[in-house]
Amino acid sequence: MITPPRLRFAPSPTGYLHVGGARTALFNWLLARKTGGKFLLRIEDTDRARSTDDSTRAIFEGMTWLGLDWDEEVTFQGANLARHQRDAHALLASGAAYRDFTTGEELDRLRKDAEAAGEQFRFDRRLAELPADELQSRLDRGDPFTIRFRVPEGATGWVDMVHGQIEFPNKDIDDFIILRSDGTPIYNLAVVSDDIATAITLVMRGDDHISNTPKQILLYRALGAALPTFAHLPMILGSDGKKLSKRHGATAVGDYHGLGILPDAMCNFLALLGWSPGGDREVMTRQELIDYFSEDGLLKKAAVFDATKLEWMNGQHLAQTPIDALDAYLRPFLVRADLTTAEAIAERTEWWHRLLELLRVRARTVNELVAQCRPYFVDEVLYDADAAAKQWKDPAASAELLQAVRERLAEGEWEAGAMETALRALGEARGIGVGKIFQPMRVALTGVAATPGIFDVLLAVGRERSLARLDAAVVHLTRSSIAG
RNA sequence: GGCGGUAUCGUCUAGGGGACUAGGACACAGCCCUCUCAAGGCUGGAACACGGGUUCGAAUCCCGUUACCGCUACCA
């Protein structure tokens, strides 16, 4: 690539930003950032019936969350109506397009007839060929008409960046409408007009657009514009091999935000759907993604979206992201979960980072991580029923044991080595394994059966709170042993 | 139906004529580590859609078949 490319992502605001769109946006962004090119965002809101402001907002939010920043001003396709009309009329004037007075109803009927006759419907250009005087009188009468593109003879092809040479015989392309009878443009015209106006040099999009491409190339030529390079990315499928849709569960990028996926993990995962850096490289930072990204690694085959692998990858990012960056991302979640306040956590950043180091490898999602944080932030300990049932089988015995543990710990230094020595000695004195001591303690201290190492927990909870929790557990167990 | 695209473990993929007894990752199973849970380490099962060519030699190149997907709108 001699000059840096100008790319764009052009979603239509007819719903949330789904993962397929996000992947397309990501690839465009990656290539722009890699090459020093530009990445533009254009909202294709020409379908006024289906476009909504909420959807537009969701697209901005999704892009922002993913960290896909765009260059130049966002453009709205609907704002370019005048140019679209101008281009359509220029084609009409040059003879590349013609007026068609056939109504929608007539077209429907023609299609039904063809279907009934077992034939495929083709638009017959002769339908629109009116004698000059009739044409003029219908124009004078103000009859509505569409503008159709006159598809020339021959074949239309291009060298696709991912697929290589692709060619369509023009005879298989109907004369297609470029301007509706209400004067609004049809997709193919609007896209080409806008891409020419914004000097897009590389059109990278889903391969469901492959069959639109010859039409668009014809339009570029008729408009006298230089062709961009085309790159058609494979689709993203659901686990059943069908195009990803709502019934596959979470398909909006906002869903993954809410599920506790990190933006970098999402980008990393999405990047690997339809692209490979070659070799065994998988977990990559955003910068590595940019560094390694290349058109050579683009794949042709549709990929199945595997949420389980996404979670694994998120776990990898959770464990590897620099602690400060992770902390910054996490704080709002902590506050929202009511575990702390921005002020309170700012006062004990060091303690929090130590805790975060312990928990980050044990969680696959931000939500799991936040849930695991609870016992260290909130004073009240909620005993998990299963954990209590399993680790405190005999309440009276457990109470007595925890009382002994509490006494040993209270006597010594609040330091891992000393505490471990004391508790192992206790185990030996009683002839029981440390697991028989640590597990009941774990429940008393955190309420759950799975946590970081017990001494890390003791340190993270702190001396006073730990002793208080052991006391509380003793009281709780004594009470239930009497009740039982 | 027509046209176009695609085809390696269940999934994501490496592979671009001999280095392939087809490699890695997720998931799964077992083991190790171990106070629990993770993480980590080790081991295992698991794939070149099918049929023809080309070639001394094909997962890799060509053709056909099959399957799947997309388009075939006054949707985008």
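In the text below, chain A, chain B and the rest are named by the order of the sequence lines, each starting its count at 1.
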Pick the [atom1] atom in [N] and in [M], then give their distance to the nearest Å.
| N | M | atom1 | result |
| --- | --- | --- | --- |
| B:rC69 | B:rG57 | C1' | 35 Å |
| B:rA25 | B:rA39 | P | 14 Å |
| B:rC33 | B:rC68 | P | 50 Å |
| B:rC74 | B:rG16 | P | 47 Å |
| B:rA59 | B:rC20 | P | 13 Å |
| B:rG45 | B:rC56 | C1' | 36 Å |
| B:rA47 | B:rG24 | P | 14 Å |
| B:rU6 | B:rU21 | P | 29 Å |

Checking base pairs now: Watson-Crick or wobble, both atom distances under 3.5 Å. What partners [N]?
| N | answer |
| --- | --- |
| B:rG17 | none |
| B:rA47 | none |
| B:rU55 | none |
| B:rG2 | B:rC71 |
| B:rC35 | none |
| B:rG10 | B:rC26 |

Hey, does the side chain of A:Lys301 come within less than 4.0 Å of B:rU8's phosphate (OP1/OP2), counting only N and O? yes
Any A:Arg122 side-chain nitrogen or oxygen under 4.0 Å from OP1 or OP2 of B:rG2: no
Residues [X], [Y]: salt bridge by 4.0 Å N-O rule:
| X | Y | result |
| --- | --- | --- |
| A:Asp194 | A:Arg83 | yes |
| A:Arg148 | A:Asp175 | no |
| A:Asp207 | A:Lys300 | no |
| A:Lys309 | A:Glu282 | yes |
| A:Arg424 | A:Glu420 | yes |
| A:Asp143 | A:Arg141 | yes |
| A:Glu428 | A:Arg430 | no |

In whole angstrom, what separates [X]'s [atom1] from [N]'s [atom2]?
| X | N | atom1 | atom2 | answer |
| --- | --- | --- | --- | --- |
| A:Ile437 | B:rU36 | CD1 | C1' | 14 Å |
| A:Asp172 | B:rG1 | CG | C1' | 12 Å |
| A:Asn314 | B:rA27 | CG | C1' | 17 Å |
| A:Glu420 | B:rC35 | CD | P | 8 Å |
| A:Leu358 | B:rU36 | CG | P | 17 Å |
| A:Ile236 | B:rU11 | CD1 | C1' | 14 Å |
| A:Leu310 | B:rA25 | CG | P | 19 Å |
| A:Leu445 | B:rU36 | CG | P | 16 Å |

Any base atoms under 4.0 Å from [X], or only sugar-phosphate, or nothing? Heavy atoms, all strands.
| X | answer |
| --- | --- |
| A:Leu299 | sugar-phosphate |
| A:Glu119 | nothing |
| A:Arg205 | nothing |

With the side chain defined as heavy atoms from C-beta on, A:Lys309 is closest, among B:rC35, B:rA27, B:rC12, to B:rC12
Examine distances only and state if a side-chain atom of A:Arg122 and a backbone atom of A:Lys171 form a donor-acceptor pair shorter than 3.5 Å.
yes
message = When you measure from the side chain of A:Asn314 to the backbone of A:Arg364, do you find a donor-acceptor pair of N or O atoms at a distance under 3.5 Å?
response = yes
Given the options A:Leu270, A:Asp296, A:Leu298, A:Trp275 meets side-chain contact (heavy atoms from CB on, under 4.5 Å) only with A:Leu298
Letter by letter from the 5' end, nucleotides 37-48 of chain B scores (B base, S sugar-phosphate only, - none; protein heavy atoms under 4.0 Å) BBSS--------
Letter by letter from the 5' end, nucleotides 59-76 of chain B scores (B base, S sugar-phosphate only, - none; protein heavy atoms under 4.0 Å) ----------SSS-SBBB
Heavy atoms from other residues, nucleotides or ligands near CD of A:Glu413 exceed 12 (cutoff 6.0 Å):
no
Once hydrogens and angles are ignored, does a donor-acceptor distance under 3.5 Å link the base of B:rG1 to the side chain of A:Gln120?
yes
Judged by nearest nucleotide, the residue sitting upstream toward the 5' end of RNA chain B, A:Phe438 or A:Lys300, is A:Lys300
Decide whether A:Thr102 and A:Asp100 meet the rule of one side-chain donor and one side-chain acceptor closer than 3.5 Å.
-> yes
Check: Any luck finding a side-chain donor-acceptor pair between A:Arg406 and A:Gln403 under 3.5 Å?
Finding: no
Exercise. Show the numbers, then the answer: is there a salt bridge (charged side-chain N to carboxylate O under 4.0 Å, His left out) between A:Arg286 and A:Asp264?
Key: CA-CA 6 Å; A:Arg286 183 170 295 265; A:Asp264 282 17; 2.9 Å; yes
Expected list for residues 269-280 of chain A near RNA chain B, using heavy atoms below 4.0 Å, is A:Leu272, A:Leu273, A:Gly274, A:Ser276, A:Gly279, A:Asp280
